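Here is the structure we will look at, set down as structure tokens.
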Amino acid sequence: MRVGDSAGRSLDFGGPLPAAIALIGCCLFALSMPTIPDHGYQFYVAGRVLDGARLYVDVAAAEAHPPLITWIAMALEATGRLIGMRALTLFLFFVCASAAASLYAVWRIGPRSGFVLAALVGALLSLVGPHFGQGEHLALIFALPYLVASAAAAVPDAQPLPRSARIAIAIAAGFGLSLKPHFALVWLGVELYLAAIRGIRSLLRAESIIILSIFVLYVILTALITPEYFQLLRWVLRLYARFAPVPVQYLILDKRTLVFIAGLAAGFVARRDLDWRRIADVLSIASIAMYITMLLEGKGFGYHWYPVIALSVALCAIALRPYVVRAPILVPAIAIASIFWMNVQVERTTQLLVKPPGFLPDMVTATERYAKGGSILALSHTLGVAFPLVNLTRVRWASPYGHLWMIPAIYQDSLGEKGEWRWLETQMRDRLWDEIQKNDPGLIIVQNNMKPYFELDPRFRDRFARSPVLGTVGFYILLGRPR
């Protein structure tokens, strides 16, 4: 039984129409979203793997992410090659279509409010900004119908959804939450909440079993298809924790925690409305789970915070919903604001690529002048210097690594500990040198504070000494092919 809206039809302000307009407007702007470094690299990796490269060996040789996001990129890359469309463009369509389907499911399953739906459009699209399509964004898109369906299932004497709908929602949630292992906390928290309300037997619901089965199947497929990933984890898990770490106390004291607390407070207030009590509970649980996930990541990157902020905004919208009846103009207002903010976010993302660490326009000019039709190499701990540069210029990438995050991770604190990782440094330099010998890059971009590090190796020192300095871009030195 779909939960009704006890506050009346006036809250809908024409039903879902304002939200639908906001969705269309946001998606149109989203389709012009520039390629961010993570996506540029993932689709480069996807293309290489389709061409025969080994994942986690020939490419992504120091990647911490499990392979699901690469498999998605491979499917889109293969489709793009088949129909003659750029895979990164297909990806933008994929994310927009997924968000639309998720919002449609939410409208059909849960309590209805045009204001809340418009706010969800903003949370799923315009709020995400430069993190559009990141794992956290996709996870929330695909899990949101599951959260709303679980809230509906917690209503006493609720009639279950059709079996086919329940299975589809569970598969989507399992897919989205599998993108990162930490996201299983969302599933665990929601299922324990339902077990507390409906009894322990609710853990045997089809949705719960399907999501758990997808988690297990994903692990099995990873072991069968890319066993190299588990070999990589032996050192990546330990070392990646040392890359750009932020102490947990600083994450807790981050100003974005105030948004999280406000969301939980709004969820508590929203519990006074019987029709919305369960969805407020479930979204609060999901927000807490995602906050814990952010703390476990230990970085505090913007995309780690995104699900927490988006769910907090949704909870605030639910708490404010009863007051919209006194000012129904707020529904189209928030829809228009979402479209406007989506445009601002696209422009903001474009500007981020122009600024450090990417310096994209200058890097494109240098690459097309000195390495057109050839290959390049960037010796940097920043992914943004090489991607989407490689995607835009269509040069070859002469490295099995996306970026050299391992170096600052090794030297993050005591230099006395570096001996433990000497084997990794040796392997890294050997593999990079092999790629230089094989590809003879026309352009090597060296981060200036990494140049002395690589010059400790006589092979790189000799190469650098024989290479003409083509110029500098920001804090990068551009080296040409030895004469």
Side-chain angles (χ1 to χ4, degrees), residues 23 26-56 58-60 63-104 124-125 128-145 168 171-180 183 214 217-218 221-222 224-226 229 303 306 342 346 349-350 353 383-384 386-397 402:
L23 176 64
C26 287
C27 286
L28 288 175
F29 281 118
L31 294 177
S32 62
M33 183 73 73
T35 301
I36 61 174
D38 282 349
H39 297 337
Y41 184 59
Q42 282 297 339
F43 279 88
Y44 159 79
V45 168
R48 285 288 310 279
V49 174
L50 287 175
D51 292 335
R54 294 170 297 170
L55 184 60
Y56 302 122
D58 303 317
V59 289
E63 182 62 70
H65 290 291
L68 182 55
I69 191 68
T70 303
W71 294 344
I72 296 171
M74 288 173 63
L76 292 170
E77 177 70 25
T79 302
R81 292 180 181 184
L82 186 65
I83 65 176
M85 180 179 287
R86 189 167 173 260
L88 283 160
T89 301
L90 275 178
F91 179 67
L92 297 177
F93 278 105
F94 167 74
V95 177
C96 289
S98 299
S102 177
L103 291 165
Y104 175 75
L124 282 190
L125 291 171
V128 69
H131 315 308
F132 188 86
Q134 293 276 47
E136 285 76 4
H137 185 209
L138 292 176
L140 186 57
I141 286 174
F142 283 97
L144 190 58
I171 291 174
F175 170 79
L177 296 176
S178 293
L179 285 165
K180 284 191 177 182
F183 297 161
I214 290 174
L217 178 62
Y218 180 30
L221 288 176
T222 300
L224 292 175
I225 299 172
T226 56
Y229 179 67
Y303 51 87
Y306 163 72
M342 189 74 204
V346 171
T349 304
T350 302
L353 295 174
L383 183 64
F387 296 90
L389 174 63
V390 169
N391 311 87
L392 295 174
T393 57
R394 299 183 181 275
V395 293
R396 297 190 305 277
W397 174 237

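Please read all numbers here as calculations on a predicted model, not as lab measurements.
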Nearest non-hydrogen partners of [X] and [Y], listed with the distance:
X    : Y    : value
I36  : P388 : C-CD, 4.5 Å
G384 : P37  : CA-CG, 3.7 Å
P34  : T350 : CG-OG1, 3.5 Å
L125 : A99  : CD2-CB, 4.0 Å
F183 : G135 : CE1-O, 4.0 Å
A30  : C96  : CB-SG, 3.7 Å

Decide if atom OH of Y104 counts as having more than 12 heavy atoms of other residues, nucleotides or ligands within a radius under 6.0 Å.
-> no
Can you tell me how far apart [atom1] ([X]) and [atom2] ([Y]) are? Round to the nearest 0.5 Å.
X    : Y    : atom1 : atom2 : value
I141 : L124 : CD1   : CG    : 5.5 Å
L140 : Q134 : CG    : CD    : 13.5 Å
L389 : R394 : CG    : CZ    : 13.0 Å
F91  : T35  : CZ    : OG1   : 10.0 Å
F94  : L76  : CZ    : CG    : 6.5 Å
I72  : L179 : CD1   : CG    : 5.0 Å

May I ask you to decide if [Y]'s main-chain N or O and [X]'s side chain share a donor-acceptor pair within less than 3.5 Å?
X    : Y    : value
H39  : A73  : no
S102 : S98  : no
Y41  : G402 : yes
Y229 : A64  : yes
Y306 : H131 : no
T89  : M85  : no

Less than 4.5 Å apart, side chain to side chain, heavy atoms only: is that true for [X] and [Y]?
X    : Y    : value
P66  : Y218 : yes
T222 : W71  : yes
L88  : M33  : no
R396 : V390 : no
L353 : P130 : no
P67  : Y56  : yes
I69  : L138 : yes
I214 : F175 : no

Full working for side-chain contact (heavy atoms from CB on, under 4.5 Å) between V346 and F132 = CA-CA 10 Å; V346 171; F132 188 86; over 6 Å; no
Should R48 and W397 be marked as a side-chain contact (heavy atoms from CB on, under 4.5 Å) after you check the CA-CA gap, both sets of side-chain angles, and the distance that decides it?
-> CA-CA 10 Å; R48 285 288 310 279; W397 174 237; 5.8 Å; no
Identify which one of F43, Y303, F387 satisfies the side chain to side chain contact (heavy atoms under 4.5 Å, CB included) criterion when paired with D38.
-> Y303
With T70, which of E77, Q42, E63 fulfils side-chain hydrogen bond (donor to acceptor under 3.5 Å, both in side chains)?
-> Q42
